[in-house]
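Only heavy atoms go into these numbers, but all of them, side chains included; no hydrogens, no water, no symmetry mates. In what follows, residues are counted from 1 in the order of the sequence shown.
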Amino acid sequence: MLSAHIRLSEDRHNPDSKVEYGHAIEEAAALGKEGLDLAIVYLPAPHTPAVLEPLAEAIRDSGLLS
């Protein structure tokens, strides 16, 4: 099994960087073409459930689940 850690922002060194769901989807899709089985998505601090619904919608809308 191949897994990778994916962040919701390109700028992983800046904790104030904007959450970019599309970035995570694109990274997962690119790694999927290389054989990725499991993407571990790092959620930004502060950790709240508010990030989950938009992330789930972005994943659903990406077509990666089909």
Side-chain angles (χ1 to χ4, degrees):
M1 174 181 272
L2 178 62
S3 65
H5 296 187
I6 296 176
R7 297 186 184 272
L8 291 180
S9 171
E10 284 189 52
D11 188 359
R12 61 188 171 104
H13 299 294
N14 181 1
D16 296 323
S17 62
K18 180 182 174 191
V19 172
E20 300 176 32
Y21 301 102
H23 168 75
I25 301 300
E26 290 170 7
E27 190 170 346
L31 291 169
K33 291 178 182 175
E34 300 298 323
L36 181 71
D37 298 303
L38 174 68
I40 302 163
V41 180
Y42 282 115
L43 302 179
H47 299 103
T48 69
V51 71
L52 297 177
E53 186 174 356
L55 177 58
E57 289 173 357
I59 293 169
R60 180 196 63 214
D61 295 345
S62 73
L64 290 176
L65 297 177
S66 53

| message | Return the CG to CG distance between Leu55 and Leu43, rounded to the nearest 0.5 Å. | response | 7.0 Å
| query | Do the side chains of Leu2 and Leu38 get nearer than 4.5 Å, heavy atoms only? | reply | no
| field | Cluster link Tyr42 to Val19, ILVMFWY, side chain under 4.5 Å | value | no
| Under a 4.5 Å side-chain heavy-atom rule over Ile, Leu, Val, Met, Phe, Trp and Tyr, are Ile6 and Tyr21 clustered together? | no
| request: Supply the atom-to-atom distance Leu31 CG to His5 NE2, rounded to the nearest 0.5 angstrom. | output: 11.5 Å
| task | Calculate, to the nearest 0.5 Å, the distance between atoms CD and CD1 belonging to Glu20 and Ile25 respectively. | result | 12.5 Å
| message | Which heavy atom of His23 sits nearest to which heavy atom of Arg7, and what is that distance? | response | CD2-O, 3.4 Å
| Applying the 4.5 Å side-chain criterion to the ILVMFWY set and letting contacts propagate, would Leu36 and Met1 be lumped into a single cluster? | no
| task | Without swapping roles, check the side chain of Asp37 against the backbone of Ser3 for a donor-acceptor pair under 3.5 Å. | result | no
